[in-house]
Amino acid sequence: MSVDIRNLEKMLLSDNWYTLNKVSFDLQNQRGQWQRQEREVYDRGNGATILLYNLKKGSVILTSQFRIPTYLNGNTDGMLIETCAGLLDQDNPEDCIKRETQEETGFKVDKVRKVFEAYMSPGAVTELLYFFVAEYSDEMKVSQGGGLEHEQENIDVLELDFKQACDMVDSGEIRDGKTIMLLQYAKLNSLFG
Ligand SMILES: Nc1nc2c(ncn2[C@@H]2O[C@H](COP(=O)(O)OP(=O)(O)O[C@H]3O[C@H](CO)[C@@H](O)[C@H](O)[C@@H]3O)[C@@H](O)[C@H]2O)c(=O)[nH]1
Ligand SMILES: [Mg+2]
């Protein structure tokens with residue numbers, strides 16, 4: 001099905017940190033009729049995320065941080081286990097994820113591999129997320145990580161057995177979309193053999 005769109009208008013609802021617009025547009029349906037639609041759209045830019053893995057140790061590096069949206073929606077202590085991730089800002093996805101990896105986990109990785117990209121919440125959020133994997137070793141640890149002080153990130157760095165991380169998806173201890181996608185990617189593509 002291909003669609004035709006016209007008369008697109010944006011009304012700014014909020015631009016405090018990122019931007020929320022009410023977007024109105026005419027969309028032609030399958031029967032050729034034009035319909036006016038309105039949707040609220042949140043734009044925080046695009047992002048990148050990475051699964052760091054160590055074949056010898058059979059381990060992955062994940063992070064844990066407080067996420068207020070999850071606290072407001074059923075996550076009792078608000079802490080969420082996630083793959084390292086960040087917003088692109090002005091970077092390209094690869095430079096972004098290398099920078100974020102060092103800031104958040106303390107590992108300096110030179111070789112990263114993009115595996116796929118995905119819209120994570122396409123009904124409401126513009127964000128396209130770029131997914132990477134990279135091997136890490138203890139020698140690549142150049143700092144403590146934890147995120148940027150002035151951004152109040154307070155990120156804990158976790159090194160987990162891959163098997164344990166997968167079990168934590170099954171048990172519900174890991175319930176972040178991008179993290180589940182990357183762990184499943186590792187499983188499907190036999191990253192650990
Ligand atoms: N003051 C203020 N600061 C904010 C606000 N929103 C974000 N920030 C700051 O901006 C930082 C963004 O950190 P990043 O590491 O670049 O992004 P992220 O929050 O980890 O986002 C990543 O994960 C998200 C959740 O999975 C993804 O949605 C996103 O694409 C990205 O990959 C936050 O830590 C916080 O300090 C806000 O409304 N107000
Ligand atoms: Mg982050």
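Each ligand, and each atom within it, is numbered from 1 in the order the structure gives. Positions are given from 1, in the same order as the sequence printed here.
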Could you check whether S14 and Y42, counting side-chain N and O atoms only, form a donor-acceptor pair closer than 3.5 Å? no

In ligand 1, which numbered atoms sit nearer than 4.0 Å to a non-hydrogen atom of K178? 25 (C), 26 (O)

Is there a side-chain contact between D176 and T70, using heavy atoms and a 4.5 Å cut-off? no

Checking a contact table here: which protein heavy atom is nearest atom 30 (O) of ligand 1, and how many Å away? E127 OE2, 1.7 Å

Less than 4.5 Å apart, side chain to side chain, heavy atoms only: is that true for C166 and K187? yes

Relative to the ring of F66, is the ring of Y71 parallel (under 30°), tilted (30 to 60°) or perpendicular (over 60°)? tilted

Going by distance only, is there an N or O of N46 that falls short of 3.5 Å from an N or O of ligand 1? no

Cation-pi between K141 and F107: NZ/CZ under 6.0 Å from ring centre and within 45° of the ring axis? yes

Protein heavy atom at shortest distance from atom 33 (C) of ligand 1: E153 OE2, 4.0 Å

K56 backbone acceptor or donor facing N54 side chain under 3.5 Å: yes

Select the closest option to atom 16 (O) of ligand 1 among I97, L87, V125, judged by heavy-atom distance. L87

Show the atoms of ligand 1 that are less than 4.0 angstrom away from any heavy atom in Y18. 6 (N), 7 (C), 10 (O)

Please answer whether the main-chain N or O of D15 pairs with a side-chain N or O of T19 as donor and acceptor at a distance below 3.5 Å. no

May I ask you to check whether Y136 and E159 show a side-chain donor-acceptor distance below 3.5 Å? yes

Transitive ILVMFWY side-chain link V157 to I174, under 4.5 Å: no

Under 4.0 Å from a heavy atom of A48: which atoms of ligand 1 are those, numbered in the order shown and with their elements? 32 (O)

Would a single hydrophobic cluster contain both L191 and L52, if residues Ile, Leu, Val, Met, Phe, Trp and Tyr are joined by side-chain heavy-atom contacts under 4.5 Å? no

The residue among Y130, F132, Y185 that forms side-chain contact (heavy atoms from CB on, under 4.5 Å) with F116 is Y185

Taking atom 36 (O) of ligand 1 as the reference point, the nearest protein heavy atom with its distance: E151 O, 2.7 Å

Element-labelled atoms of ligand 1 that are located less than 4.0 Å from some non-hydrogen atom of E104: 15 (O)

Quick one, L160 and L62 - any side-chain contact, counting heavy atoms below 4.5 Å? yes

Would you mind checking which non-hydrogen protein atom is closest to atom 39 (N) of ligand 1, with the distance to 0.1 Å? W17 CD2, 3.3 Å

Check: L129 N/O within less than 3.5 Å of ligand 1 N/O: no

Which atoms from ligand 1 have a heavy atom of G47 less than 4.0 Å away? 30 (O)

Under a 4.0 angstrom heavy-atom cut-off, which atoms of ligand 1 come close to R67? 18 (P), 19 (O), 20 (O), 23 (O), 25 (C)

I'd like to verify the contacts: list protein N, O or S atoms under a distance of 2.8 Å from the Mg ion (ligand 2). A85 O, E104 OE2

